[in-house]
Amino acid sequence: MRILQLHCDSIEYTPTKKEIKNAEDDVSTETIKLEELVVAFVAVEKGDDSSVAQDAISQIKNSMEKIGCKKLLLYPYAHLSSNLASPSLALSLLKEMESYSGSLEVSHSPFGWTKSYKVQVKGHPLAESSKTITKNESTLDESKEEVTSNALKSESKIQSFWYILSPNGKMSPMSEFNFANHKKLEILSKYESAKKRSVDEPPPHVALMKKMAIADYEPASDSGNMRFFPNGRLIKSLIEQYVTSRVKEYGGYEVETPIMYDSNHPSMVSYFNRFPARQYNIDSEGKKLFLRFAACFGQFLMANEFQLSYKNLPYRLYELTRYSFRREQSGELVGLRRLRAFTMPDCHAFCKDMDQSIEEIKKRFDLSQSVLKELGIQESDYEMAIRFTEDFYNENKKTIEELVQRLGKPVLVEMWKEKFFYFVLKWEFNFIDTLGKASALSTDQIDVENANRYGIDFVDENNVKKNPIILHNSPSGAVERIIYALLEKASLDSKQGRKPQIPLWLSPTQVRIIPLKDEFSGICESLAEKISLRNIRVDIDDRNESIGKRIREAEKEWIRYILVIGEKESNSENLSIRDRQTGELRNLTFEEFIKEFELQTKGKPVSSLNMPKYLSQRPQLMV
RNA sequence: GCCAAUGUAGCUCAGUCUGGCUAGAGCAUUCGACUUGUAAUCGAAAGGUCGUGGGUUCAGAUCCCAUCAUUGGCUCCA
């Protein structure tokens with residue numbers, strides 16, 4: 001329970017509007033004026049009970065005795081807390097407090113109403129005080145609470161300055177920029193700076209992820225923890241393989257680190273001190289463990305063990321975290337866009353100085369852009385935001401401008417007067433969906449704090465120990481979010497009259513064979529064999545359904561190539577291929593077809609079919 | 001987390017306002033017939049704790065309270 005207590009000359013309030021369903025009835029909307037009293041603004045919080053109410057009223061009584069005041073107004077005031085109890089409980093505890101008042105003259109202002117009020121507070125030192133009262137508070141919880149609120153306090157003090165930086169180096173205040181040719185950037189800018197949104201429908205990918213049997217909510221788990229069906233797992237796995245191979249190509253070394261850490265480990269304590277985390281906590285044998293919300297700790301703690309020389313740098317560690325956990329507020333979770341458990345490729349580069357960091361960040365910028373492109377997300381699908389401190393900008397103007405040139409279009413700039421986070425620069429690519437939502441995909445940061453915090457050092461040319469600068473990069477962003485982006489893009493295509501699709505290399509079924517009659521099943525079987533030997537996922541619709549229906553369903557599954565096998569095909573060397581992209585029937589030889597296919601999936605990982613080859617043996621998952 | 005809307009068969013939904021007959025439909029599933037030439041063949045059967053818990057009532061999918069989940073807005077997004 002949180003209480004703000006004011007000793008007042010007078011208070012005047014007028015109930016104006018019933019705000020919630022459980023508001024008190026029988027409330028007159030006349031103005032009430034009270035004089036010479038103590039006003040206690042009260043917010044009842046989760047976990048409060050009558051013992052808290054008693055404690056609260058006795059504390060108030062004590063302080064009122066000191067100042068010699070007999071009149072108390074309990075004023076329900078939800079805004080004191082972000083962890084409110086349910087309205088019905090709050091109301092009953094308020095009434096309870098009123099009944100414990102003893103010799104005091106106590107009243108309360110109506111609960112659940114918007115009220116206008118005017119208050120005249122006295123000037124003496126004891127006139128104003130605030131209290132937080134909780135049940136059985138342990139010292140540990142208390143200190144954590146303190147840490148969180150301090151961190152939140154400093155975060156809320158951040159003042160941002162917003163600009164748009166164009167590739168020609170021109171930096172204009174956001175309000176003066178002409179967004180006419182940059183609609184998506186305008187969306188991002190408003191989204192970030194003004195937090196403006198206006199949507200009243202669920203994002204289309206939520207229906208698609210179920211329909212395509214990719215993923216679904218798991219009611220037996222916590223919100224934001226999804227289940228992935230065979231199709232979804234296949235797609236995820238291919239994306240994971242691809243991103244991992246690209247990071248290794250760039251120079252990252254893949255590691256694996258624990259998913260849970262001890263909150264009381266010294267390095268964690270100071271990390272928490274800097275960041276108010278919403279994480280999953282687990283109590284185990286007296287330890288307070290939490291589930292990782294990034295790969296940072298694992299890699300930092302590992303790097304801490306390394307004997308590093310400047311000659312080893314830059315050194316890059318990479319992990320594909322399945323999962324990272326963030327206990328986001330339940331209201332923030334949406335489909336695959338924002339989860340509590342997600343798969344995050346996370347690559348840290350340890351650099352010897354700022355010059356090396358800047359060289360490195362450029363490489364990773366190109367890597368991220370290329371990875372997204374190959375995953376099927378084009379430059380026109382996202383907008384870049386770059387954030388830095390004023391000092392960093394003044395010293396590294398050229399680098400920042402160069403990054404913007406590499407992107408080739410204007411970007412949103414957020415500038416801070418001082419460093420609030422551990423980084424001096426951060427950029428991200430934000431996917432903008434049809435409904436105007438922005439979500440970060442690739443990102444990189446220049447971290448100048450954590451090496452010191454985690455005791456990571458290297459020996460430089462002069463035999464001096466130094467802390468490296470650490471870059472934090474995810475070249476693709478969360479894998480689930482990539483799937484979200486691909487599905488949202490597909491839905492947009494469909495809305496605009498184009499055929500929705502996902503990249504061929506990610507399709508659960510790449511080729512479908514449909515025998516016209518049962519008698520062709522042998523030919524189909526051997527053709528399928530031949531095709532799958534070339535690492536193509538092929539299946540056979542052997543169900544006793546009309547040809548029209550089987551074609552229709554293949555189309556609904558977004559299958560790119562359909563081969564109908566009948567009399568004609570069994571007597572011919574050529575394949576008659578229904579190409580979904582063009583909607584046309586084409587005649588190709590087997591090798592021509594394979595060649596066309598391989599051209600489109602070149603350089604991408606392959607994986608075999610992740611469901612029964614025969615549709616008749618396949619459970620119905622999609623609708 | 002707060003506010004609001006939604007929750008009925010495996011899926012998509014009707015029925016709820018105004019309580020009352022055996023809770024309906026389409027798709028999917030099973031069975032039977034049909035043997036198909038490029039986006040839905042025909043028939044039958046089976047399938048329901050009406051999100052969950054409590055209450056009011058002679059009677060609850062329907063009204064009331066609580067709770068959970070999803071979606072939207074706020075907040076948040078290291």
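As a basis for the values below, the full set of heavy atoms in this structure was taken, side chains included, without hydrogen atoms, waters or symmetry mates. Residue numbering restarts at 1 for every chain, and letters A, B, ... go by the order of the sequence lines.
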Quiz item: With distance as the sole criterion, do the side chain of Glu328(A) and the base of G1(B) form a donor-acceptor contact below 3.5 Å?
Solution: no

Quiz item: What does U18(B) pair with, Watson-Crick or G-U, if both distances are under 3.5 Å?
Solution: none

Quiz item: Are the ring centres of Tyr75(A) and Phe41(A) closer than 6.0 Å?
Solution: yes

Quiz item: Of all the choices, G37(B), A33(B), U70(B), which nucleotide is nearest to the side chain of Ser223(A) once you look at every atom?
Solution: U70(B)

Quiz item: Rounded to whole angstroms, how far apart are CD on Gln299(A) and P on A78(B)?
Solution: 18 Å

Quiz prompt | d(CZ, Arg560(A); P, U38(B)) in whole Å | solution = 21 Å

Quiz prompt | Ser330(A): partners by side-chain hydrogen bond (donor to acceptor under 3.5 Å, both in side chains), with sequence neighbours left out | solution = none

Quiz item: Mind checking whether Phe297(A) and Tyr454(A) have ring centres under 6.0 Å apart?
Solution: no

Quiz item: In Watson-Crick or G-U wobble terms, both distances under 3.5 Å, what is the partner of C63(B)?
Solution: G55(B)

Practice problem: If A4(B) has a Watson-Crick or G-U wobble mate with both distances under 3.5 Å, name it; if not, just say none. | Solution: U71(B)

Practice problem: Report which part of the nucleic acid Gly331(A) touches: base, sugar-phosphate, or nothing (heavy-atom distance under 4.0 Å, all strands). | Solution: base

Quiz item: Would you say Gln496(A) has more than 12 foreign heavy atoms packed within less than 6.0 Å of its CD?
Solution: yes

Quiz prompt | Opposite nucleotide pairing with C13(B), Watson-Crick or G-U, both atom distances under 3.5 Å | solution = G24(B)

Quiz item: What is the pairing partner of U41(B), taking Watson-Crick or G-U wobble pairs with both distances under 3.5 Å in any strand?
Solution: A33(B)

